[in-house]
Every structure is written in C-alpha cells, then in structure tokens.
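All values derive from a computational prediction rather than experimental measurement. Naming: A, B, ... by sequence-line order, numbering from 1 per chain.
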Amino acid sequence: GDSVTQMEGPVTLSEEAFLTINCTYTATGYPSLFWYVQYPGEGLQLLLKATKADDKGSNKGFEATYRKETTSFHLEKGSVQVSDSAVYFCALSKAGNMLTFGGGTRLMVKP
Amino acid sequence: DARVTQTPRDKVTEMGQEVTMRCQPILGHNTVFWYRQTMKQGLELLAYFRNRAPLDDSGMPKDRFSAEMPDATLATLKIQPSEPRDSAVYFCASGSGQGDSGELFFGEGSRLTVL
C-alpha cells in the first residue's frame, strides 16, 4: 500500500538556521504531495502542496519540490523563526481527499 | 471564515462511560474524516465519509466505536464503553472531494481523557 516516511524528530535549530525535513513516499500512480503543519494546541493546516512531478510548492518561506525520480518531497526553509516551532506532516493523496500521512516531525526553534 | 467546528474541546470521563464527539464540517464539503492522534501512534485514520456514506472505517475498533453522519452538517464519533487507552486527541477534517486537491481542513480537536 501507499506510505510516507519522514525523518524522526525532534529537530532543534537556532533562529535563522536552514531547515530541511526529509520526506519520501511509496505509491503507485501519480499522487499529489502535501506538507501540513500543526501548531501547539491546534489542528493540522495545509502548508504547501505539489500535484505533479517537478512542481514546487511554496508558502511562508517554506518550499518543497516533487521529485519523482527519488520519490521525495523534502521541506526546506532558508531561515527559521521561533514561530515556526510546530509538528510538520508529509502526506500524499491519490483520489479525492484521502490522505496518507507520515509520522510527523517536531521542529523546535530556539532564540 | 469557514472552519470545521468540534465539540467538546476537552472531555474527562471515567472508564465505562459513553463519550460522543461532534463535528460540523465546512458547508459544502462532502468528505469527512475522523483521526485520532497519540504520542505513541501518531495520526490514525478512524473513519471516512463521502456524501454522508461511510467509505472506510477499517481503522476503528468496531466493538466500541461508531461513527455516523445524521445529516450533512453533523458528524459524530461515539465510544461506548470508553477505556483509558482511548485517551487521545480526536480530529475531524472535511474536504471538497474535488479531483486530487487533497486539501483537508481540520478542526481544533477534542482532547479525551479516560480515567
């Protein structure tokens, strides 16, 4: 079946550091790929998405490129802020809204 | 500002009691999901509805859990009887079900503690 694997956390960074959270997937066909973010005490919210190979999703300074050859969708940000501290979930979807989530990666940014 | 509304936000109950969690999806959305989140298991899909019909509840313990959509504006998740291992945050999410957009809108969750 389809699956998503992302790096285990927590990831601890200092403010203004560069962020990479790795995500790889296994799926037949051509899934859409997503990053969701969960801030403390809240539900998940969509951060960015890409629907086909070589697409780049971006939002709030975060970026991820859909790499079909490596089945990856790594999340990056050039300069993290304390307010980026949250749990980040990579996910894929092939039909309608049926999402398969990775296990989540907690990011902690220190001032 | 359209959003998914869940009640209660917090619930503390004793083992053996019935618990009902409610969700109001975003108006016009035709897919509804129930997820459970724990530190140990992460996010688990419990149930999935499309146009109010249950499509997938394979992740739900059938002996004590039940999920329904009495109408398009209400989804319920019931646990009877509740057990301490049911303690978790339960999220409802809805989506438009259009193509492969895949965007789900999550509620703020219902935190359940079973003593």
Report task. Determine, using ring centers only, whether A:Phe62 and A:Tyr88 are less than 6.0 Å apart. Result -> yes
Query raised in the report: Which answer fits B:Arg111, side chain, backbone, both or neither, if we ask what part of it has an atom under 4.5 Å from a heavy atom of chain A?
Result: neither
**Report entry** Verify same cluster id: B:Trp34, B:Phe65 (apolar side-chain graph, 4.5 Å)
**Finding:** yes
Query raised in the report: Of the backbone (N, CA, C, O) and the side chain (C-beta and beyond), which part of B:Phe105 lies under 4.5 Å from a heavy atom of chain A, both, or neither?
Result: neither
Query - Side chain, backbone, both or neither of B:Gln37 within contact of chain A (heavy atoms, under 4.5 Å) - result: side chain
Query raised in the report: Is the ring centre of A:Phe101 less than 6.0 Å from the ring centre of A:Tyr36?
Result: yes
Query raised in the report: For B:Leu55, is it the side chain, the backbone, both or neither that has a heavy atom under 4.5 Å from a heavy atom of chain A?
Result: neither
Query raised in the report: Yes or no on side-chain hydrogen bond (donor to acceptor under 3.5 Å, both in side chains) for A:Thr105 and A:Gln6, after CA distance, side-chain angles and deciding distance?
Result: CA-CA 7 Å; A:Thr105 302; A:Gln6 55 184 109; 2.9 Å; yes
